[in-house]
Amino acid sequence: MKLRDAPSACPSLWRCLPCPPAELRLDLVLSSGQSFRWWESSPGAWTGVLEGRVWTLRQDGDRLWYTVYGEENEHGEEEERDGCPAKAARLDVVETDRILRDYFQLDVGLSGLYRAWAAADPLFRKVASDFPGVRVLRQDPVECLFSFICTSNNHISRITAMIERLCQAFGRRLCCLDSRPFHAFPALSALTGADAEARLRALGFGYRAKFVSGSARAIAEGLGTEGLCQLRTVPYAEARRVLCALPGVGAKVADCVCLLSLDKAEAVPVDTHVWHIARQRYGVALGGKSLTPRAYQEIGDFFRGLWGPRAGWAQAVLFCADLRKGQKPACS
DNA sequence: TGTGAACCTTGAGT
DNA sequence: AACTCAAGGTTCA
């Protein structure tokens with residue numbers, strides 16, 4: 001199959017949702033380390049896997065366009081006519097609209113939140129004007145958990161490559177676009193095998209191989225995939241406690257999973273960047289020189305006090321800005 | 001409670 | 001061409 005860049009070539013294969021840039025900036029959100037599975041397949045077009053399907057997304061003014069690729073036959077063939085697939089899988093547009101609205105949490109009004117954070121925090125106001133439309137994704141808990149276990153003491157470029165290899169090795173193959181294969185994120189059961197750790201080590205996961213297979217086992221033998229998803233309905237503190245009991249999951253990874261997949265908008269992941277920002281720019285006074293559990297808690301509490309119940313969302317804006325400091329976004 | 005070291009690998013910086 | 005060092009941390013003394 002061929003990648004699709006833009007609606008103009010085959011308009012019938014695309015749909016759009018109303019969505020102004022102040023509510024969502026696709027480029028900022030999909031490349032700021034919340035999810036590691038999106039790729040800018042051509043300028044302005046983002047291709048990735050969501051809910052077991054391959055999508056290409058594109059923003060054009062106040063519209064968010066999307067197209068979904070069907071699964072290929074066993075030969076990977078697809079008939080074409082005038083450059084368009086002859087029989088593209090009929091989209092269930094109600095379902096795909098819903099998936100996208102849910103993933104981007106489009107029912108949450110972001111511009112109002114920006115106004116409130118800016119009113120409470122001059123530093124936020126200064127940064128946010130250059131980084132509008134940064135919102136928190138609502139990701140699948142399994143994908144989010146295992147992705148962020150891989151982030152510890154690691155670089156984003158390597159994390160992305162590791163997760164790609166994880167999906168290739170353990171995930172279901174979905175389709176091939178311009179001869180590039182796409183795979184679903186593996187199910188929990190795919191990571192519980194006796195040889196999982198060794199395979200992950202061979203894929204360059206290092207010491208995280210044990211954490212990934214260990215957490216997969218622990219969940220499979222404990223709360224299960226359903227139980228993990230049920231953490232969406234329990235209080236933040238409880239979800240955090242459950243997650244921290246898993247191997248390779250400390251306070252920071254637990255907060256990432258809480259914020260990015262379990263609906264805990266108040267969770268503020270404190271990584272080295274946020275710790276630095278808290279001390280240097282907000283002057284948060286802390287006793288020790290290292291990020292102790294107590295300091296971690298205090299920084300989170302400080303930002304929750306400053307930004308309110310969606311502090312994690314505001315943190316995502318600052319984190320995105322910090323990640324891109326030096327390069328101003330082209331405001332198209 | 002708090003501190004320090006080890007942990008896999010990679011890529012950017014001397 | 002080596003070599004050091006940090007990278008969205010966690011675990012164990």
Side-chain angles (χ1 to χ4, degrees), chain A residues 28-38 127 131 134 136-137 139 143-166 169 196-219 240-262 264 267-281 285-301 303 311-327:
Chain A
L28 296 179
V29 171
L30 297 183
S31 68
S32 62
Q34 288 191 45
S35 165
F36 302 95
R37 300 219 65 206
W38 294 95
V127 170
F131 296 90
V134 177
V136 167
L137 298 173
Q139 303 184 56
E143 174 169 341
C144 192
L145 171 63
F146 289 97
S147 295
F148 278 87
I149 286 176
C150 299
T151 64
S152 80
N153 201 14
N154 208 348
H155 293 92
I156 289 193
S157 59
R158 183 179 169 216
I159 297 166
T160 307
M162 281 165 59
I163 291 175
E164 179 65 25
R165 292 196 292 272
L166 173 75
E197 181 183 339
R199 291 176 66 195
L200 290 164
R201 274 206 172 259
L203 293 175
F205 276 59
Y207 61 84
R208 302 169 198 81
K210 186 184 299 220
F211 292 157
V212 169
S213 64
S215 279
R217 286 254 179 101
I219 293 172
R240 198 173 190 281
R241 185 181 52 72
V242 172
L243 292 172
C244 284
L246 297 168
V249 180
K252 192 272 176 176
V253 170
D255 275 336
C256 285
V257 178
C258 280
L259 175 65
L260 303 175
S261 75
L262 297 178
K264 313 306 181 217
V268 178
V270 181
D271 52 45
T272 53
H273 299 270
V274 175
W275 185 42
H276 187 77
I277 291 171
R279 287 188 308 172
Q280 302 272 310
R281 317 219 18 211
L286 293 163
K289 295 274 175 288
S290 64
L291 186 55
T292 63
R294 194 170 70 87
Y296 186 103
Q297 181 66 37
E298 284 179 7
I299 292 171
D301 289 343
F303 284 122
W313 284 54
Q315 181 268 4
V317 178
L318 251 56
F319 182 82
C320 178
D322 192 65
L323 206 61
R324 295 166 166 258
K325 63 171 174 272
Q327 38 174 307

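So that the names make sense, note that chain A is the first sequence line, chain B the second, and so on, each numbered from 1.
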> Would you classify A/Val274 as touching base, sugar-phosphate or nothing, given that sugar-phosphate means primed atoms plus P, OP1 and OP2, and contacts are heavy atoms under 4.0 Å?
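Nothing, no heavy atom under 4.0 Å.
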> How far, in whole Å, is B/dA5 from C/dC5 if one measures between their P atoms?
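One P to the other, the span is 13 Å.
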> Grab the two heavy atoms, one from A/Val134 and one from A/Ala316, that are nearest each other, plus how far apart they are.
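Shortest heavy-atom separation between A/Val134 and A/Ala316 comes out as CG1-O, 3.8 Å.
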> Quote, to the nearest angstrom, the P distance that separates C/dA6 from B/dG4.
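My reading of the P atoms in C/dA6 and B/dG4 gives 15 Å.
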> I'd like the P distance from B/dG13 over to C/dG8, given in whole Å.
13 Å
> Just call it for A/Pro247: base, sugar-phosphate, or nothing, with non-hydrogen atoms closer than 4.0 Å on any strand.
sugar-phosphate
> Can you check ring pair (Phe, Tyr, Trp, His ring centres under 6.0 Å) on A/Phe131 and A/Phe319, steps first, answer last?
CA-CA 10 Å; A/Phe131 296 90; A/Phe319 182 82; over 10 Å; no
> Does a nitrogen or oxygen in the side chain of A/His155 sit under 4.0 Å from OP1 or OP2 of B/dT10?
no
> Going through the checks in order, is the side chain to side chain donor-acceptor pair (under 3.5 Å) test met by A/Arg324 and A/Ser32?
CA-CA 9 Å; A/Arg324 295 166 166 258; A/Ser32 62; over 6 Å; no
> Can you tell me the Watson-Crick or wobble partner of B/dC8, both distances under 3.5 angstrom?
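Pairing partner, where one exists within any strand: none, as none qualifies.
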> Which heavy atom in A/Pro269 sits nearest to a heavy atom in A/Tyr296, and how many Å separate them?
CA-OH, 3.6 Å
> Quick one: which of B/dG2, B/dT3, C/dG9 gets closest to the side chain of A/Ser152?
C/dG9
> With stacking defined as ring centroids separated by under 5.5 Å and planes differing by under 30°, is A/Phe319 stacked against C/dG8?
yes
> What integer number of Å spans the P atoms of B/dT10 and C/dT11?
23 Å
